[in-house]
Amino acid sequence: MKIKMFALAGMLAIASAGVAQKPKTVEVPNYSKYILTPKPGKEPRINGARVFGVRPGSQFLFSIAASGERPMTFAAKNLPAGLILDPKTGRITGRAGERGEYVVELTATNKFGTAKRNLKIVVGDRIALTPPMGWNSWNCWGRDVTQEQVLSSARAMHDKGLVNHGWTYINIDDGWQGNRGGKYNAIMPNTKFPDMAALTKEVHDLGLKLGIYSSPRVGTYAAHIGSYADTPDGKYNWIEEGKKNENYRFTLPEGNYMQYRKQVRYHSPYSFVENDAKQWAEWKVDYLKYDWKPNDVEHIREMHDALRATDRDIVYSLSNNAPLCDAPALVKYADCWRTTGDIRDTWENFSKIGFNQSRWAPWSGPGHWPDADMLVVGLVGWGPKLHYTKLTPDEQYTHMTLWSLFASPLLIGCDLARLDDFTLSLLTNDEVIDVNQDPLGVHGAPIVETAEEAVYVKQLEDGSMAVGLFNKTLAPRDITIKLKQLGFYEKKTVRDLWRQKDIAETDGDHTSTVNPHGAVMLRIY
C-alpha cells in the first residue's frame with residue numbers, strides 16, 4: 001500500500017516571483033511492518049541529554065525532553081543561580097554566572113505518574129557536551145528554502161513530539177542570504193526570509209533553537225554572499241553588475257547558474273566576520289554552519305573568536321571534508337566538523353561514509369564532534385521536488401545505528417511536516433538516542449571489519465557497552481560477538497535497543513541474525 005501526499009515545496013518562494021506551481025505528488029511507502037520501536041507510554045519519561053554545557057554569563061535555553069501524556073508539569077532542584085524553570089513548559093532560561101558543575105534533579109509529572117532524572121549543568125568553557133540533535137533544511141529544500149518552510153519544520157518538531165526526545169535545532173542552510181546592510185553592515189536576509197528576528201522568536205517559543213549558514217568566501221556553494229566581500233565597504237562585484245536574481249543569488253541570463261557559481265567561490269582580504277557574528281547574536285541565533293573546502297585554521301579561528309565575543313553560545317559547526325591533519329585545531333576551535341562531502345540516500349554513498357569514520361575516533365568527545373552529515377531518511381530531494389529516501393528500511397536502521405554509535409551530530413534532513421510513522425519511529429527511540437547522547441562521549445569503533453560484516457562497540461558512562469552488528473551483504477547473516485572480546489568475563493544481559501527488550505543472558509557468545517544491509521543494535525550490561 002502507498003500513501004499519496006501533496007508537496008508544497010518552494011511554493012512561497014515561487015509565488016513571490018509571480019509564478020504559480022501545481023502541487024507535486026509524492027509516493028510514500030507504507031513501512032509500518034518494519035517498525036521495531038515501541039510507542040512511548042502515557043507515563044512521563046525524561047529523555048535527551050544528561051549533561052549540558054554553558055559559558056558563564058551566556059543566555060541559557062534548555063528544554064526538558066519528556067515523553068508522556070500532556071498536560072505535564074516540571075520541577076528542577078539545585079539549578080545554578082541565575083537560571084529559572086517554567087513548570088508548564090519545562091524550559092530553563094536565564095544566565096548562569098558562576099563556573100562549576102551542578103547536578104540538577106529534574107522531575108516530570110502527569111496524571112499517570114512522576115519521572116526523575118539528573119541533569120549535569122557544566123558552566124565553563126565548553127558547550128555541545130553531547131552531539132547536537134536537530135534538523136537542517138538542505139537535504140529537502142536546498143537553496144530554495146523559505147522562512148515558512150523553516151517554521152513548518154519547527155512546528156512539526158514540536159507538534160509531532162520530536163522535541164520530547166531531545167531534538168532541538170532548526171538550522172537554515174544556504175539560500176537565506178540577501179545583500180549586506182543593517183546597523184552592522186552584515187548579511188541581511190533575502191525576500192524569502194522577511195523577518196529573521198520574528199523567525200527566531202517563534203522557534204524559541206517552541207522550546208527549540210535556530211541555526212544559520214555562512215562561508216568565509218565571497219560566495220557560497222549555492223552562489224549567495226558569504227562573510228567576506230569584494231570591497232572594504234562590503235560590496236559584491238556580481239551584485240553591482242546586476243548578475244543576480246530576485247534573491248541575490250549569482251546568475252547570468254544567458255547561462256545556468258551552476259555553470260558560473262564557481263566564479264564566486266574565492267577568498268578575499270575583506271572580512272565581515274565580526275559584523276555577521278554581531279548580527280546573528282542580535283537575532284538570537286544558536287548554531288552556525290560555516291561551509292567551505294578546504295577548511296583552514298586561519299578562517300576557522302577567526303569565526304570562533306567572533307562568535308565567542310558575543311553573549312550567545314552559538315554552536316560552531318564546520319563543513320565540509322575537514323582535513324584530519326588539522327584535528328588538534330578542530331578540537332580547539334570547533335564544536336563539530338563535517339568529515340565528508342554531502343551525503344546521498346543510496347547504500348553505496350552512505351555506507352562508504354558510515355564505515356569510514358574510525359580515523360576520527362581519537363578526536364571525538366564532549367564539546368568536539370566529528371560530523372558524518374545529515375540523516376537521509378523520510379522525504380528528501382535537495383530542492384522543491386522531493387522523493388522518499390531510496391534507502392530500504394534495513395539500510396535506514398544501519399544508518400541510524402552507525403551515527404548513534406560514533407556519536408555524530410544527528411541532523412534530520414527531511415520534510416518534518418510530512419513524517420511517516422516509520423521515519424518517526426526511527427527518530428524517537430530513546431534507548432538508541434541515549435547511546436548517541438551518552439555523556440562519556442566515546443566514538444564507537446570496529447572490533448570486526450570485513451567486506452561482509454562489521455561489529456562496532458561503544459563504551460557507555462555506566463560501564464555497559466553498546467554494540468552494533470552490521471551485515472554488508474545482500475543475504476541474511478549470522479553475526480557473533482564474544483563477550484570476552486568486550487572485556488566481560490561474567491554473565492551479562494543482552495538487550496535489543498531497537499526493540500527495547502532484553503533478549504539473552506550469557507557469559508560467552510551471542511549470535512544475532514542480521515538482515516541484508518541491516519543492523520542489530522545491542523546493549524551489554
- Cation over ring face, Arg312 and Trp283, 6.0 Å, 45°: no

- Message: Salt bridge or not between Arg50 and Glu461? Use side-chain N to carboxylate O under 4.0 Å.
- Response: no

- Hey, which of Lys472, Gln396, Glu395 is the one that makes side chain to side chain donor-acceptor pair (under 3.5 Å) with His517? Glu395

- Query: Taking atom CZ of Arg155 and atom CG of Leu206, what is their separation to the nearest 0.5 Å?
  - Reply: 8.0 Å

- Item | Expected output: side-chain Arg45 to main-chain Glu43 donor-acceptor under 3.5 Å | no

- Item | Check: Ser404 side chain, Val435 main-chain N or O, donor-acceptor pair, under 3.5 Å | no

- So, does His399 use its side chain to make a donor-acceptor pair with the main chain of Val376 at under 3.5 Å? yes

- Within the side chain of Asn471, is there an N or O that forms a donor-acceptor pair under 3.5 Å with the backbone of Ala475? yes

- Query: For the atom pair CG (Leu330) and CH2 (Trp369), what is the distance rounded to the nearest 0.5 Å?
  - Reply: 15.0 Å

- Query: Would you call Asp502 and Arg495 a salt bridge, taking side-chain N to carboxylate O under 4.0 Å as the test?
  - Reply: yes

- Check the pair Phe355, Leu402 against side-chain contact (heavy atoms from CB on, under 4.5 Å), reporting the backbone distance first and the verdict last. CA-CA 8 Å; Phe355 291 113; Leu402 271 174; 3.8 Å; yes

- Query: So, does Ser152 use its side chain to make a donor-acceptor pair with the main chain of Glu148 at under 3.5 Å?
  - Reply: no

- Message: I need the minimum non-hydrogen distance between Cys414 and Trp135, along with the two atoms involved.
- Response: O-NE1, 2.6 Å

- Message: Closer than 4.0 angstrom, basic N to acidic O: yes or no for Lys482 and Asp509?
- Response: yes

- Item | Residues Thr73 and Thr109: side-chain donor-acceptor under 3.5 angstrom | no

- Message: I want to know whether Trp498 and Tyr397 have ring centres closer than 6.0 Å.
- Response: yes

- So, Thr428 and Trp167: side-chain donor and acceptor under 3.5 Å apart, yes or no? no

- Query: Roughly how far apart are Leu469 CG and Thr511 OG1, rounded to 0.5 Å?
  - Reply: 9.0 Å

- Report the C-alpha distance between Arg338 and Asp371 in whole Å, list the side-chain angles of each, state the deciding distance to 0.1 Å, and finish with yes or no for salt bridge (Lys or Arg N to Asp or Glu O under 4.0 Å). CA-CA 4 Å; Arg338 276 270 299 282; Asp371 179 359; 5.4 Å; no

- Query: Under the salt bridge (Lys or Arg N to Asp or Glu O under 4.0 Å) criterion, do Arg477 and Asp394 qualify, and how do the steps go?
  - Reply: CA-CA 13 Å; Arg477 187 177 185 88; Asp394 284 310; over 6 Å; no

- Item | Side-chain donor-acceptor contact under 3.5 Å, Tyr31 with Asp420 | no

- Query: Lys192 side chain to Val145 main-chain N or O, any donor-acceptor pair under 3.5 Å?
  - Reply: yes

- Ring centres of Phe52 and Phe60 under 6.0 Å apart? yes

- Asn436 side chain vs Ser408 backbone, donor-acceptor pair below 3.5 Å: yes

- Query: Is the shortest side-chain N to carboxylate O distance from Lys289 to Asp174 below 4.0 Å?
  - Reply: no

- Query: How far does CG of Leu427 sit from OG1 of Thr423, to the nearest 0.5 angstrom?
  - Reply: 6.5 Å

- Message: Could you check whether any side-chain N or O of Thr310 sits under 3.5 Å from a backbone N or O of Leu307, counting only pairs where one atom can act as donor and the other as acceptor?
- Response: yes

- Which of these, Arg418, Lys385, His387, sits in a side chain to side chain contact (heavy atoms under 4.5 Å, CB included) with Val26? Arg418

- Query: Got a salt bridge between Asp311 and Arg95, using NZ or NE/NH1/NH2 to carboxylate O under 4.0 Å?
  - Reply: yes

- In Å and rounded to the nearest 0.5 Å, what is the CZ to CG distance from Arg499 to Leu36? 4.5 Å

- Using distance alone, with no hydrogens and no angle criterion, decide if Asn164 and Ser67 have a side-chain donor and acceptor under 3.5 Å apart. no

- In terms of heavy-atom contacts, does NZ of Lys120 have more than 12 from other residues, nucleotides or ligands at under 6.0 Å? no

- Side-chain ion pair, Asp462 and Arg523, N-O less than 4.0 Å: yes

- Of all heavy-atom pairs between Val442 and Ala407, which one has the smallest distance, and what is that distance? O-CB, 4.0 Å

- Which distance, rounded to the nearest 0.5 Å, do you find between the CG of Leu83 and the CZ of Phe62? 11.5 Å

- Item | Donor-acceptor under 3.5 Å (Ser137 side chain, Asp173 main chain) | yes

- Evaluate salt bridge (Lys or Arg N to Asp or Glu O under 4.0 Å) for Glu505 paired with Lys492, printing each intermediate quantity in order. CA-CA 6 Å; Glu505 287 189 0; Lys492 297 293 180 183; over 6 Å; no

- Query: Has Asp421 got more than 12 heavy atoms of other residues, nucleotides or ligands less than 6.0 Å from its CG?
  - Reply: no

- Task: For the pair Asp313 and Arg55, find out whether any cationic side-chain nitrogen is under 4.0 Å from an anionic carboxylate oxygen.
- Result: yes

- Query: Would Tyr456 and Phe406 count as a close aromatic pair, with their ring centres under 6.0 Å?
  - Reply: no

- Message: Between Asn429 and Gln500, do the side chains contain a donor N or O and an acceptor N or O under 3.5 Å apart?
- Response: yes

